[in-house]
Amino acid sequence: MQKRVTGPEIERLIQLLARVPGLGPRSARRAALHLIKKKDQLLGPLALAMSEANDKVRICSTCGNADTSDPCTICTDPTRDQSVIIVVEDVADLWALERAAAMNAAYHVLGGTLSPLDGVGPDDLAIAGLVNRVASGGVKEILIAVNATVEGQTTAHYITDQLAGFDLRITRLAHGV
Ligand code: ZN
């Protein structure tokens with residue numbers, strides 16, 4: 001049996017860090033040690049930032065973005081063209097598009113793609129919410145920015161069908177995200 005090196009609090013910190021994407025047990029151990037060494041500059045502020053984020057984080061009931069207010073910063077931004085909605089699979093795609101390009105539009109996060117093999121149907125995604133947004137008026141254009149996978153394209157087809165009755169311009173972002 002391996003001898004304990006640290007108390008349970010630090011072990012727990014390492015175990016949780018190891019579950020962060022991009023970190024494994026080895027990197028988690030190194031990160032934990034770094035945080036402990038930089039207790040005042042890093043560990044304390046990080047703990048506070050995590051606590052505040054944990055208290056305030058919300059999923060926007062309009063678009064599905066993760067933010068600290070509902071509706072989110074993007075949905076309430078008066079400088080954005082809210083008549084254009086970019087449809088993405090995941091919040092990560094929304095953030096990536098925002099970083100990569102000045103889109104200046106609204107978004108709609110689906111929460112995945114249609115995948116019958118994995119048991120993911122239309123009701124598991126935020127498609128009805130998208131149709132409701134369009135039905136409530138003011139939307140002129142939908143940009144579908146799902147991945148160029150079979151599931152992504154199936155999802156894009158399905159959404160296009162669901163929105164067929166509305167006076168809309170529907171385009172696909174050619175290269176996806
Ligand atoms: Zn929103």
Side-chain angles (χ1 to χ4, degrees), residues 16-17 19-23 45-177:
L16 288 169
L17 283 171
R19 288 161 64 179
V20 175
L23 295 182
L46 182 69
L48 188 65
M50 283 186 161
S51 172
E52 286 180 348
N54 184 46
D55 285 345
K56 291 186 178 161
V57 89
R58 307 271 180 277
I59 299 300
C60 177
S61 55
T62 302
C63 74
N65 186 22
D67 202 346
T68 50
S69 59
D70 179 16
C72 72
T73 307
I74 289 176
C75 284
T76 52
D77 183 350
T79 68
R80 276 178 194 266
D81 185 355
Q82 302 282 347
S83 74
V84 180
I85 297 179
I86 304 171
V87 179
V88 293
E89 291 179 23
D90 195 86
V91 175
D93 301 320
L94 187 167
W95 288 10
L97 273 173
E98 282 293 301
R99 273 201 311 274
M103 303 305 285
N104 200 40
Y107 286 90
H108 196 85
V109 180
L110 294 171
T113 46
L114 293 174
S115 180
L117 288 176
D118 299 316
V120 182
D123 293 343
D124 299 309
L125 305 177
I127 294 174
L130 177 64
V131 176
N132 285 340
R133 279 178 86 179
V134 172
S136 66
V139 182
K140 294 188 192 127
E141 184 170 5
I142 299 282
L143 282 164
I144 303 179
V146 294
N147 289 309
T149 56
V150 174
E151 290 84 3
Q153 295 317 298
T154 306
T155 309
H157 273 296
Y158 183 84
I159 290 170
T160 306
D161 283 351
Q162 295 298 303
L163 297 173
F166 297 98
D167 182 22
L168 272 181
R169 208 174 112 99
I170 303 177
T171 26
R172 298 203 198 162
L173 280 193
H175 45 81
V177 177

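Whatever order the structure lists them in is the order used to number ligands and atoms, beginning at 1. Below, all heavy atoms of this structure are taken into account, side chains as well, without hydrogens, waters or symmetry copies. Position 1 is the first residue of the sequence; numbering continues from there.
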Inset, instruction - Can you check the number of protein N/O/S atoms within less than 2.8 Å of the Zn ion (ligand 1)? - result: 4
Inset, instruction - Please list, chain by chain and in numerical order, all residues satisfying side-chain hydrogen bond (donor to acceptor under 3.5 Å, both in side chains) with Glu52, sequence neighbours excluded. - result: none
Legend entry - Polar side-chain atom of Asp70 near backbone of Ser61 as donor-acceptor pair, under 3.5 Å: yes
Legend entry - Main-chain N/O of Gly121 paired with Asp124 side-chain donor or acceptor, under 3.5 Å: yes
Legend entry - Criterion side chain to side chain donor-acceptor pair (under 3.5 Å) on Ser83 and Asp81, from CA distance to verdict: CA-CA 5 Å; Ser83 74; Asp81 185 355; 2.6 Å; yes
Legend entry - Check ion pair Arg80-Glu98 (N to O, under 4.0 angstrom): yes
Legend entry - Heavy-atom side-chain contact between Pro71 and Thr62 under 4.5 Å: yes
